[in-house]
Each structure stands twice: as structure tokens, then as C-alpha cells.
Amino acid sequence: MLTRPPYAPLGADTLPDRLGHRPELTRLLGPPAQWRVREVGDGNLNLVFIVEGRDGSLVVKQALPYARVVGESWPMSLDRAFFEYEASMRLGARDPGRMPTLHLFDREQALQVMEHLTPHIILRKGLIAGTRYPALGEHLGHFLARTLFRGSDWAMETAHRKADLALFAGNVELCGITEDLFFTDPFFDCPRNRHNPALDAEVATVRADRALKLAALRLKARFCTGAETLVHGDFHTGSVMVSEQDSRVIDAEFATYGPMGFDIGSLLANLWMAAFAQEGLSPGDADTRAYRRWIHDLAAQIWRVFTDEFARLWRSERTGILGGHDLFEAQGDRGGAEQALAARLAAIWHDTLGFAGLEMHRRVLGLAHIAEFEAIGDEAARAACERRALRLGRALAVTPERFADVAAVNAFAVGLAGGER
Ligand code: SR1
Ligand code: MG
């Protein structure tokens with residue numbers, strides 16, 4: 001009987017020997033003797049290798065049995081590679097062309113071999129560099145609408161949907177990380193937290209802020225109990241890769257059934273934070289303000305494209321458990337279905353604002369910070385940007401009713417940053 005080797009982490013030096021017999025790689029790369037391997041992972045969890053061969057290049061991603069950002073003291077199940085694979089298949093099918101092509105998944109080795117996206121870079125890095133991406137808003141708005149709608153009770157029939165819910169209920173470890181890191185850690189003195197020392201006063205204020213903590217707990221309840229759809233679960237600007245014309249979504253290992261607004265809020269929060277960071281990265285010039293405006297317009301476009309596409313799908317693909325055609329369209333009452341759509345979008349917007357507010361808190365006060373703020377070398381300048389993120393974040397989480405649309409959030413953000421558009 002052929003025994004499969006037990007899990008072992010790859011290294012740049014061992015990868016050709018370990019994977020050189022797999023046709024999924026040799027077919028695209030050519031002979032392993034000519035492979036050049038670089039480890040390029042800069043995320044919080046996994047190993048990522050770029051493998052270049054005679055005939056092409058590929059990416060190999062492998063989970064480690066611990067969280068890379070902390071080290072072996074934080075053991076972590078390899079199952080996350082399985083959930084990432086399962087989620088990527090679903091998200092990719094719901095919005096074709098937006099996820100990298102997968103060539104191989106090996107559950108035992110917790111590894112995936114996928115398309116090497118080139119000349120793409122991580123969106124976060126593009127935002128730090130001040131690059132504009134003309135197609136990005138449409139791509140991300142569509143991706144959100146299609147994945148969130150098509151994975152929901154409005155689109156899925158009951159047996160398929162329940163089986164899927166049961167499958168992803170197994171992603172307990174990563175879901176637990178989100179529950180802690182997103183909704184709880186930033187609001188108490190958790191040893192995992194870290195923050196800019198110039199923010200000590202703000203940290204004390206946050207931890208004494210009962211209204212904010214109540215909002216955090218309310219939103220945690222939404223996240224834990226609002227299993228509306230299969231969400232990506234970590235949909236920030238580090239999970240998007242971009243070239244001038246293309247946008248791809250990566251890293252779906254945190255996927256879980258959750259509220260639609262979770263992915264949208266995570267993304268918009270990261271855009272609003274990237275806009276705040278501009279002032280610290282290159283203070284005061286007209287280009288900085290113009291680029292900040294571009295980011296704000298991008299946030300507005302994503303929401304607009306999302307709502308338009310969501311409405312289109314609502315009208316054309318609402319065939320799932322919650323479809324409701326018998327109650328409305330079948331009785332000649334299209335207005336009823338439109339009223340339900342408006343209510344759904346209003347609920348998503350409300351959730352989006354709250355989750356965005358908490359994402360801002362955890363990226364300033366929790367374990368996992370963002371490169372946009374970290375790249376601001378001067379502590380006081382960084383604190384000024386982070387403080388604005390905390391102020392906006394609190395307003396979004398505690399008083400979402402103040403913000404009717406993205407324009408209102410953008411205007412509030414501009415006001416915090418000194419007013420000038
Ligand atoms: C220990 S994992 C920390 C964070 O990194 C991931 O990208 C997620 O955002 C997670 O919360
Ligand atoms: Mg990630």
C-alpha cells in the first residue's frame with residue numbers, strides 16, 4: 001500500500017524535491033531541476049512561495065501549524081487550508097474570474113498550488129504608493145454582490161444551503177480568532193493587543209466607553225448569529241491583488257456563514273483608513289488630497305455597484321428559500337418584492353457601518369495592524385491618523401443612523417482630517 005508522507009512545512013530549498021513529482025506543477029513549470037523558489041509570505045498565518053520554472057510560474061501556499069505572526073506558541077489547526085479551498089471554490093464560482101485559478105489542493109500537506117498573479121500586487125501596497133485602479137470599484141462591488149447574494153438563503157435551496165452551513169461550522173478556529181480579535185480584544189486589556197504609545201489616552205478612553213463596548217457586543221452577536229451567507233471573512237485590502245486592469249481576491253481561510261455587511265464593512269473600513277493614512281505618508285500636498293478623494297470615491301463606487309448588482313440579482317435570481325415569489329411577483333405585486341429589497345439593503349448598510357467601525361478599532365488597538373499606518377515612521381504623525389480612524393470608527397459603530405450613505409461617511413472623515421476636500 002502506498003503511504004502518503006505526513007505533513008511537513010516546505011522550505012524554498014526542499015520544495016522542488018517535495019513537489020517535483022506532481023504533474024500539476026511540472027506541466028506548468030517544466031523540470032524541477034530548473035525551478036527557482038522564493039518564500040514571499042508576509043501575511044499573519046501562512047507560508048507563500050513563488051516558484052519560477054522554464055515554462056512559467058506558480059504560487060504555493062501552505063498553512064503552518066501555528067500563527068506565523070506570533071510563532072509556535074500559538075498553535076493553529078492545518079484545517080484552515082481545507083476551508084480556504086472549499087470557500088475559494090464557492091466564491092470563485094459565484095463571481096467567475098475574480099479568484100486565482102487553483103491547480104492543486106493537498107489536504108494532508110495543507111497546501112494549495114495556484115496561479116501566480118503577475119504583475120499584480122497587494123492592494124494595500126498600491127494604496128500606500130498612491131496608485132489608481134480604474135476597474136477596481138466595479139470588480140469589488142460585483143464580487144461582493146455576487147458572492148454575498150448567491151451564497152445566501154435568497155438564492156440557495158434548503159438542502160444545499162444547510163449542508164454548506166454545517167460544513168463551514170467546522171471552521172471554528174479561524175472563526176474564533178475573528179470573534180476575539182475583531183469584537184473583543186480591542187476593548188479590554190488583552191495581552192495580544194499592541195498600540196502606538198502616543199495613543200495611551202485614547203486606549204483608556206476606549207476601554208471605559210460603555211456605549212462603544214455595547215455596540216461591539218451587539219455587532220459580535222450579529223456576526224455569531226446572523227448566518228446570512230458565506231462571507232470571505234477577512235475581506236480587507238490585504239486580501240485583494242491588483243494590476244492596472246485586474247483585481248483578484250485571495251485568502252478566504254476565514255470564511256464562515258455570517259452577515260453580508262461583514263465583508264463590506266471590512267473592506268470599506270480599510271479604504272477609509274488608507275485615506276486617513278495618506279496625510280501621514282505624504283502630508284499636506286495637493287496630490288495627497290486628490291488621492292484621498294479618489295479613495296473616498298472608490299468606497300462610494302463599491303457601495304453603488306454593490307447595491308445595483310444586488311438589486312439585479314434580487315430581481316433575476318431570487319429563487320432560494322427566502323425568494324418569496326409566491327407572495328409577491330406571482331400575485332402581481334412587484335412592489336412588495338422591491339420593498340423587501342430596500343429593507344434588505346438598509347439592513348446590510350447598517351451592519352456595514354458597525355463592522356467598519358470595529359475593524360478600525362482592531363487595526364489600531366489589536367494584534368493585527370495595517371501597513372498603511374505602520375509605514376508612517378513618525379509616531380505623532382501616525383497617532384494623528386490612527387486617532388481619526390478611532391473617531392470615525394466610534395461614530396460608525398455607536399451612531400450608524402448618522403450616516404445615510406457613503407458620501408456622509410466620506411464627509412465626516414474629511415472633517416476629521418482637517419476639512420479640506
Ligand atoms: C492571528 S491572525 C490575525 C489576523 O490576520 C488575518 O489576516 C486576520 O485578519 C486575522 O484577524
Ligand atoms: Mg490573509
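Numbering of ligands and ligand atoms starts at 1, following listing order. Heavy-atom basis, side chains included; hydrogens, waters and symmetry copies ignored.
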Review point. Are R362 and F182 in a cation-pi setup, meaning NZ or CZ lies under 6.0 angstrom from the ring centre and within 45 degrees of the ring axis?
Key: no

Distance-only check: which donor-acceptor pairs under 3.5 Å involve side-chain atoms of residues 210-220, not counting sequence neighbours?
{"unit_1": "K213", "atom_1": "NZ", "unit_2": "R207", "atom_2": "O", "d": "2.7"}
{"unit_1": "K220", "atom_1": "NZ", "unit_2": "T184", "atom_2": "OG1", "d": "2.8"}

Just list the N/O pairs, ligand 1 to protein, that are under 3.5 Å apart, with the distance for each.
{"unit_1": "ligand 1", "atom_1": "5 (O)", "unit_2": "N44", "atom_2": "ND2", "d": "2.6"}
{"unit_1": "ligand 1", "atom_1": "7 (O)", "unit_2": "D234", "atom_2": "OD2", "d": "2.8"}
{"unit_1": "ligand 1", "atom_1": "9 (O)", "unit_2": "D234", "atom_2": "OD1", "d": "2.6"}
{"unit_1": "ligand 1", "atom_1": "9 (O)", "unit_2": "D234", "atom_2": "OD2", "d": "3.3"}
{"unit_1": "ligand 1", "atom_1": "9 (O)", "unit_2": "R362", "atom_2": "NH2", "d": "3.0"}
{"unit_1": "ligand 1", "atom_1": "11 (O)", "unit_2": "R362", "atom_2": "NH1", "d": "2.7"}

Review point. Above 12 or not: heavy atoms from other molecules or residues under 6.0 Å from CD of E39?
Key: yes

Exercise for review: Report the residue from R146, R312, R150 that forms a side chain to side chain donor-acceptor pair (under 3.5 Å) with E317.
Suggested key: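 One option only clears the test, and that one is R150.
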
**Study point:** K125: salt bridge (Lys or Arg N to Asp or Glu O under 4.0 Å) partners, not counting sequence neighbours
**Key:**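 Partners of K125 under the salt bridge (Lys or Arg N to Asp or Glu O under 4.0 Å) test: D42.
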
Can you give me every donor-acceptor pair (side chain of residues 6-14, partner residue at least two apart or in another chain, under 3.5 Å) with its distance?
{"unit_1": "Y7", "atom_1": "OH", "unit_2": "A63", "atom_2": "O", "d": "2.6"}
{"unit_1": "T14", "atom_1": "OG1", "unit_2": "G11", "atom_2": "N", "d": "2.9"}
{"unit_1": "T14", "atom_1": "OG1", "unit_2": "G11", "atom_2": "O", "d": "3.2"}

